[in-house]
Amino acid sequence: MTRALSVTREENFPEWYLSVVRDADMAESSAVRGCMVIKPWGFGVWELIQRELDQQIKDTGHENCYFPLFIPLRFIAKEAQHVEGFAKEMAVVTHHRLKSIDGVLQPDPEAKLEEPLVVRPTSETIIGDTFQRWVQSYRDLPLLINQWANVVRWEMRPRLFLRTAEFLWQEGHTAHADGDEAMAETRLMLDVYRRFCEDFLAMPVVAGEKPENERFPGAVSTYSVEAMMQDGKALQAGTSHYLGTHFAEAQNIRYQTAEGGVALCHTTSWGVSTRLVGGVIMTHGDDDGLRLPPAIAPKQVVIVPMLRGKPEDEAVLDFCEALRRQLAAVGLRAAVDKKQIKSADKRWNWVRRGAPVIVEVGPRDVAAGVVTFMRRDRLRDGDKVISANAGLDDFVGGAAALLADIQANLFNEAKARLDTNLRSDLKTFADIAAYFGAAAADDADSFKGWVRAPWCKPTGAALEQVEERLKALKLTIRNAPLGQSGPYGACVFTGAPGVEDILIARAY
RNA sequence: CGGGGUGUAGCUCAGCCUGGUAGAGCGCUAGCUUUGGGAGCUAGAAGCCGGAGGUUCGAAUCCUCUCGCCCCGACCA
């Protein structure tokens with residue numbers, strides 16, 4: 001069986017993932033450990049994610065700002081849990097000048113900063129410091145701000161897109177007069193993320209609240225949207241935090257109430273990152289490479305002219321260019337691949353990159369006024385590549401609907417996988433342990449999916465115990481799905497009466 | 001920061017044990033043939049063998065030190 005990639009998902013999922021990232025021209029690792037170069041095709045996907053999400057963030061009343069990359073060390077120190085959460089992965093700037101000493105270029109000892117600066121791992125503190133000055137009166141609230149930025153977290157185990165030392169994201173930060181409003185904001189943005197993942201990335205997610213031990217450092221409550229990858233692991237695709245008054249207390253974000261008193265603001269923060277691109281790859285990719293949902297495909301229809309270095313090439317190119325213009329005229333992102341390589345190679349390059357529709361045009365098509373095309377979501381029947389023919393006008397007229405169908409099909413496929421592999425019939429921890437193959441170490445990477453089960457929502461030391469037991473099976477609690485209602489069975493960890501359902505899964 | 005591995009052409013790697021001065025595949029360049037579908041043949045460009053020191057007539061190969069990277073653990077959007 002000839003596939004476009006040299007490794008299949010079944011053989012080795014992590015290797016398959018790397019192979020898609022590489023062969024689809026998404027990104028590559030760089031000279032800087034843990035930092036990646038995002039290539040045009042990968043960045044194009046991110047740009048589309050950015051464009052759409054930016055609009056949705058604005059539509060919900062937020063405005064964009066930009067805050068500094070550097071944060072004074074003392075700012076980080078202000079919120080105790082925040083420090084603890086991020087201290088171990090912080091890049092620190094200590095000097096402002098280089099000097100050649102004994103022929104070695106190094107930080108000039110004379111140019112040491114009085115106070116070190118950290119490269120932002122997230123911006124709660126610097127934004128809180130700003131909010132403190134911006135918020136005076138209840139009339140200044142709510143303050144609804146977002147920024148698109150890069151952040152740095154010195155990760156020990158980087159993986160392209162999924163976990164890199166530097167990554168791109170948006171971080172929303174808001175301040176509110178009271179807790180109810182801040183909580184509503186937290187939940188609103190979580191819902192924006194859920195809809196965005198489903199409608200735009202065609203990636204079904206489960207929105208829910210994180211258990212206490214998985215909370216953002218400094219948050220009162222953390223919510224996430226979790227997506228199931230094709231190896232059954234969970235990917236946290238986005239988070240939204242209700243920060244209570246923790247940061248307001250640490251940074252003195254207060255306002256005068258209508259009654260003349262002084263009150264602390266309730267703040268929120270929420271973000272999604274370039275990790276989404278990794279999620280798209282692991283949700284939709286197949287053994288021929290990436291499959292991009294049309295909504296985030298930088299090129300939705302790629303036209304490959306079959307050129308042979310003969311006089312009729314010119315007519316083929318003219319035909320392709322005319323087709324491209326017609327597709328552009330109906331609002332689609334179309335391109336003609338004029339690169340001087342064999343057309344069969346071009347086709348497979350676009351298959352690997354996941355262009356939703358690939359059109360091939362040869363002299364015979366031109367003569368007959370038809371196009372031959374493949375849809376990437378249904379590339380093969382068995383091993384055979386499926387291609388279809390359509391008259392030029394029919395193809396152009398139906399292209400938008402075709403793309404919509406591809407988008408829907410990718411979502412439905414992923415949704416069916418999520419539904420099929422989310423089990424809720426395991427009643428005890430022993431069942432769960434057996435299901436995830438506790439004994440068989442070599443079984444650790446085989447597909448398992450998620451388990452939904454009731455628990456008694458322990459806290460503190462009791463929760464730590466639960467965490468330990470799960471950890472032995474490489475499992476984590478992903479979240480407690482929203483919108484659930486009892487009655488609940490017995491807690492799978494303790495047998496005590498359950499108070500809510502949680503999702504248990506291996507995770508990225 | 002613990003345990004293991006590895007560094008040779010753009011990429012993947014062989015050669016190292018048993019020192020004699022550089023190889024393969026893919027990719028790249030050119031030419032010819034082929035082409036309704038991931039082609040073949042021929043020719044070619046490309047590496048002071050991670051770095052420093054040592055042993056030796058001679059080091060990719062042996063020794064010492066050093067740096068980088070990868071995998072497994074602790075941490076993680």
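All values reported here derive from a predicted model rather than from experimental measurement. Just so it is clear: chains get the letters A, B, ... in the order the sequence lines come, proteins before strands, and each one is counted from 1.
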Residues at least two apart in sequence or cross-chain that pass side-chain contact (heavy atoms from CB on, under 4.5 Å) with Ala175(A), listed by chain then number, are Phe131(A), Leu141(A), Leu143(A), Cys265(A), Thr267(A)
Could you go over nucleotides 68-71 of chain B and give all protein N or O partners under 3.5 Å, atom names and distances?
| unit_1 | atom_1 | unit_2 | atom_2 | d |
| --- | --- | --- | --- | --- |
| rC70(B) | OP2 | Arg33(A) | NH1 | 2.8 |

Taking a pair to mean Watson-Crick or G-U wobble geometry with both distances below 3.5 Å, rC75(B) pairs with none
Open item on the list: Taking rA9(B) as the reference, what is the distance to rU29(B) when you measure between their C1' atoms (whole Å, please)?
Closed with: 15 Å
For Ala227(A), the side-chain contact (heavy atoms from CB on, under 4.5 Å) test, sequence neighbours excluded, returns Met203(A), Val205(A), Met229(A)
In short, ring-ring contact (aromatic ring centres under 6.0 Å, His included) pairs touching residues 220-241 of chain A with sequence neighbours left out are Phe216(A)-His241(A)
When both distances are under 3.5 Å in a Watson-Crick or G-U wobble arrangement, the nucleotide paired with rU6(B) is rG68(B)
Give Lys310(A) one of three labels, base, sugar-phosphate or nothing, depending on what nucleic acid heavy atoms sit under 4.0 Å from its own.
nothing
Rounded to whole Å, the CH2-P distance (Trp148(A) to rA77(B)) equals 19 Å
Arg159(A) CZ to rC75(B) C1', in whole Å, measures 16 Å
Exactly one candidate in Glu63(A), His173(A), Glu185(A) meets side chain to side chain contact (heavy atoms under 4.5 Å, CB included) with Leu144(A); the answer is Glu185(A)
Salt bridge (charged side-chain N to carboxylate O under 4.0 Å, His left out) filter on Lys338(A), not counting sequence neighbours, yields Glu321(A)
Using the C1' atom as the reference point in each nucleotide, state the distance between rU61(B) and rG44(B) in Å, no decimals. 30 Å
(request) Would you indicate whether Gln465(A), at its atom CD, is surrounded by more than 12 heavy atoms from other residues, nucleotides or ligands within a distance under 6.0 Å? (result) no
Taken to the nearest whole Å, CD/Gln340(A) to C1'/rA30(B) is 15 Å
- [ ] Would you classify Thr164(A) as touching base, sugar-phosphate or nothing, given that sugar-phosphate means primed atoms plus P, OP1 and OP2, and contacts are heavy atoms under 4.0 Å?
- [x] base
B/S/- along nucleotides 36-44 of chain B (protein heavy atoms under 4.0 Å) is BBBB-----
When rounded to whole Å, the CD to C1' distance for the pair Glu28(A) and rG27(B) reads 15 Å
Residues at least two apart in sequence or cross-chain that pass ring-ring contact (aromatic ring centres under 6.0 Å, His included) with His62(A), listed by chain then number, are Trp270(A)
When rounded to whole Å, the CG to P distance for the pair Asp25(A) and rG10(B) reads 19 Å
Residue set satisfying salt bridge (charged side-chain N to carboxylate O under 4.0 Å, His left out) with Arg308(A), at least two apart, ordered chain then number -> none
Fill in: Atom P, compared across rU6(B) and rC62(B): separation rounded to whole Å
12 Å
Requested in this report: With C1' as the reference atom in both, quote the distance from rA46(B) to rU64(B) in angstrom, rounded to an integer.
Outcome: 33 Å
Taking the six-membered ring for Trp, is the centroid-to-centroid distance between Phe167(A) and Trp169(A) below 6.0 Å? yes
Those residues at least two apart in sequence (or on a different chain) that pass ring-ring contact (aromatic ring centres under 6.0 Å, His included) with Phe67(A) are none
Take atom P in rG40(B) and the same atom in rA59(B), then report the distance between them in whole Å. 42 Å
Taken to the nearest whole Å, CD/Glu312(A) to P/rU35(B) is 13 Å
Going by centres under 5.5 angstrom and planes under 30 degrees, do the aromatic ring of Phe167(A) and the base ring of rA77(B) stack?
yes
Q) Are OP1 or OP2 of rG73(B) and a side-chain N or O of Lys474(A) less than 4.0 angstrom apart? A) yes
pair_partner(rG36(B)), Watson-Crick or wobble, both distances < 3.5 Å, evaluates to none
rU42(B) -> Watson-Crick or G-U wobble partner, both distances under 3.5 Å, gives rA30(B)
Parallel under 30°, tilted from 30 to 60°, perpendicular over 60°: which one fits the rings of Phe395(A) and Phe373(A)? tilted
Separation of rA74(B) atom C1' from Glu464(A) atom CD, nearest Å, is 15 Å
Under a 3.5 Å limit on both distances, the Watson-Crick or wobble mate of rA14(B) is none
Can you tell me how far C1' in rA52(B) sits from the matching atom in rC48(B), rounded to whole Å? 15 Å
How far, in whole Å, is rG36(B) from rC32(B) if one measures between their C1' atoms? 23 Å
Integer angstrom distance from the C1' of rG27(B) to that of rC63(B) = 38 Å
To the nearest angstrom, the CZ-P distance between Phe196(A) and rA77(B) comes to 20 Å
Using Watson-Crick geometry (N1-N3 plus N6-O4 or O6-N4) or G-U wobble (N1-O2, O6-N3), each under 3.5 Å, rG20(B) is paired with rC57(B)
